[in-house]
There are 2 protein chains.
Amino acid sequence: MTNPQVQRTHELMLNAAGSLLSAGGPEAVTHLRVAEESGVARATVYRHWSTRADILLDLLRRGANLSLDPPSGDLALEERVTGVLEAFAAALRSEGGRTLSAMIGLAEWDEEVFNALERMTEFGPRILRRLLAAGVDDGELVQGTDVDMLADRLIGPLYLRRLLYHDDLTDGYVGRLASVTLAPHLVS
Amino acid sequence: MTNPQVQRTHELMLNAAGSLLSAGGPEAVTHLRVAEESGVARATVYRHWSTRADILLDLLRRGANLSLDPPSGDLALEERVTGVLEAFAAALRSEGGRTLSAMIGLAEWDEEVFNALERMTEFGPRILRRLLAAGVDDGELVQGTDVDMLADRLIGPLYLRRLLYHDDLTDGYVGRLASVTLAPHLVS
DNA sequence: CACATATGATACACTATGTCTCATCTAAGT
DNA sequence: ACTTAGATGAGACATAGTGTATCATATGTG
């Protein structure tokens with residue numbers, strides 16, 4: 001729908017849902033509260049989303065638009081990787097981390113949520129894998145490097161610290177992680 | 001309470017809650033359904049846990065009793081680490097993974113859940129860190145190895161694949177992960 | 001301006017929550 | 001065996017949220 005009225009109410013409600021999610025978690029996102037918080041009639045909330053999961057999915061999709069800029073090509077591979085990981089860490093530090101926490105639990109039992117989550121989260125790793133694959137082609141990384149696993153090994157610790165430990169993802173940590181993980185695979 | 005009647009109903013209800021969580025996620029664990037599923041009066045469920053989070057917390061505590069056996073001392077460090085990681089992966093593959101998924105979202109907004117989750121999840125990494133620290137002391141790992149980060153780098157990818165990608169944690173993957181991550185830090 | 005569509009307001013039946021009361025059952029001590 | 005404290009069962013009650021439906025009103029578009 002391109003109807004501006006629809007877009008307006010939709011955005012109003014989605015903003016309210018975002019506040020509710022951020023403040024009280026997924027359970028706080030109810031049709032009633034979204035209606036109250038956004039000043040929209042309850043029936044309208046149902047017209048846009050029939051279930052709570054649909055609201056959260058939409059929220060997730062909107063949050064997925066955090067675009068990680070591909071790094072400039074004239075830096076050394078380690079700097080480019082570090083740049084991507086720092087942008088990734090920044091996304092996890094922001095509201096994206098909270099949304100992600102909420103979604104992981106839902107995705108376990110709702111395939112639709114899982115697919116949406118996959119689309120959101122595969123974006124960072126994909127850039128990283130491409131970067132690493134290019135590094136192998138260019139001879140910056142040793143031949144035979146398992147690019148997929150290397151990407152897991154760079155990203156996994158970030159998720160671990162953010163989602164499970166609730167630790168800050170400082171740039172220092174990210175830099176050391178990139179450095180120590182990449183080092184054995186760098187040529188020269 | 002040591003009252004056997006209390007223990008009996010408590011266990012009945014927890015088992016029911018476990019089934020509900022496993023089948024339908026955290027949202028499916030309601031006082032009413034736990035009562036129905038366990039054949040206990042609804043009021044009794046409230047008497048044991050006043051909120052849903054309390055039920056899930058108890059479930060989490062019970063699940064936390066998965067004890068990872070410390071590996072036998074006469075293996076090479078890489079084999080011992082691989083053993084710990086495989087036990088860890090097995091725990092994530094089982095119901096523990098589902099419970100964990102559910103808890104991550106709750107822990108984001110409920111400090112009590114977070115603390116319980118921390119107690120449950122720190123167990124594996126602690127064994128691993130101790131193993132790695134011993135490796136440094138024994139000279140099997142190079143001096144100056146960042147043991148905490150090395151543990152993150154070994155565990156992070158497992159969580160990433162299980163919680164976000166819903167991938168199987170095969171022993172092959174775990175072995176390769178341990179091998180490629182440890183290799184640069186091994187002396188010999 | 002007229003029409004289509006979205007929204008607001010309200011009603012209804014239903015599920016779940018959280019608290020309360022009182023009768024009944026169970027466990028433990030005498 | 002008797003008694004008593006504590007736990008449970010059964011049910012009532014007010015409240016929050018769900019999901020659907022209806023109809024008047026407001027908004028956007030041709």
Side-chain angles (χ1 to χ4, degrees), chain A residues 1-62 102-103 105-106 109-110 112-113, chain B residues 1-62 102-103 105-106 109-110 112-113:
Chain A
M1 268 302 162
T2 57
N3 187 324
Q5 186 184 18
V6 177
Q7 292 183 322
R8 206 183 314 137
T9 50
H10 196 84
E11 202 165 337
L12 270 174
M13 292 186 288
L14 216 45
N15 288 340
S19 303
L20 288 167
L21 176 65
S22 174
E27 311 213 8
V29 181
T30 69
H31 290 86
L32 178 62
R33 285 197 224 170
V34 168
E36 288 172 347
E37 194 83 5
S38 60
V40 158
R42 195 168 63 92
T44 302
V45 184
Y46 278 99
R47 286 183 189 111
H48 283 246
W49 307 281
S50 61
T51 70
R52 181 213 311 273
D54 287 335
I55 305 177
L56 295 171
L57 263 177
D58 226 342
L59 219 44
L60 183 63
R61 288 199 195 93
R62 196 175 62 162
M103 292 303 149
L106 298 177
W109 288 275
D110 185 326
E112 208 181 338
V113 173
Chain B
M1 268 299 162
T2 57
N3 187 325
Q5 186 183 17
V6 177
Q7 292 182 324
R8 206 184 314 138
T9 50
H10 196 84
E11 202 165 337
L12 271 173
M13 292 186 287
L14 260 188
N15 289 339
S19 304
L20 288 167
L21 176 65
S22 174
E27 311 214 9
V29 182
T30 69
H31 289 87
L32 178 62
R33 285 197 223 169
V34 168
E36 288 171 345
E37 193 84 3
S38 61
V40 158
R42 196 168 62 92
T44 303
V45 185
Y46 279 99
R47 285 182 190 113
H48 283 245
W49 308 280
S50 62
T51 70
R52 180 211 312 272
D54 287 335
I55 306 177
L56 296 171
L57 262 178
D58 228 342
L59 219 45
L60 183 64
R61 289 200 194 94
R62 197 175 61 162
M103 292 301 148
L106 298 177
W109 288 275
D110 185 325
E112 209 180 338
V113 173

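Sequence lines set the chain letters: A, B, ... in the order given, protein chains first and strands last, and positions in each chain run from 1.
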Side chain of B/V6 only, please: which of D/dG28, D/dG17, D/dA7 is the nearest?
D/dA7

Does some side-chain heavy atom of A/L21 sit less than 4.5 Å from a side-chain heavy atom of A/L56?
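The answer is yes, as the side chains (C-beta and beyond) meet within the 4.5 Å cut-off.
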
Distance, nearest 0.5 Å, that separates [atom1] of [X] from [atom2] of [Y]:
X	Y	atom1	atom2	value
B/E36	B/T30	CD	OG1	7.0 Å
A/T51	A/E112	OG1	CD	8.0 Å
B/N3	B/R8	CG	CZ	8.0 Å

Return the polar atom pairs (N/O with N/O) between nucleotides 19-25 of chain D and the protein under 3.5 Å, or none.
residue : atom : partner : partner atom : Å
D/dG19  : OP2  : A/S50   : O            : 3.4
D/dG19  : N7   : A/R42   : NH1          : 3.4
D/dG19  : O6   : A/R42   : NH2          : 2.9

Nearest-nucleotide comparison on DNA chain C, the residue closer to the 5′ end among B/P4 and B/E36:
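First, find each residue's nearest nucleotide; the 5'-ward one identifies B/E36.
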
If each of A/R33 and B/T9 is mapped to the nucleotide of DNA chain D with the nearest heavy atom, which maps nearer the 5' terminus, i.e. the 5' end?
B/T9

When the distance from [atom1] of [X] to [atom2] of [N] is rounded to whole Å, what number comes out?
X	N	atom1	atom2	value
B/D54	C/dG18	CG	C1'	13 Å
B/L32	C/dC14	CG	P	16 Å
B/Q5	D/dA5	CD	P	16 Å
B/Q7	D/dT8	CD	C1'	16 Å
B/N3	D/dT8	CG	P	7 Å

Quick one: side chains of residues 10-18 of chain A, donor-acceptor pairs under 3.5 Å with protein atoms, not counting sequence neighbours, listed by atom name and distance.
residue : atom : partner : partner atom : Å
A/H10   : ND1  : A/H48   : ND1          : 2.7
A/H10   : NE2  : A/D58   : OD2          : 3.1
A/N15   : OD1  : A/R62   : NH1          : 2.8
A/N15   : ND2  : A/E11   : O            : 3.3

Reckon A/H48 touches a base, only the sugar-phosphate, or nothing at all at heavy-atom distances under 4.0 Å?
sugar-phosphate

Is the distance from OP1 or OP2 of C/dA16 to the nearest side-chain N or O of B/T30 less than 4.0 Å?
no

Look at A/R8 and D/dG28 and indicate whether a side-chain polar atom (N or O) is within less than 4.0 Å of OP1 or OP2.
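It does, given that an N or O in the side chain of A/R8 lies less than 4.0 Å from OP1 or OP2 of D/dG28.
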
Closest heavy-atom pair and its distance - B/A35, B/R42:
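Of all heavy-atom pairs spanning B/A35 and B/R42, the closest is CB-CA, 3.7 Å.
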
Considering all heavy atoms, the nearest B/A102-A/W109 contact
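Shortest heavy-atom separation between B/A102 and A/W109 comes out as CB-CH2, 3.8 Å.
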
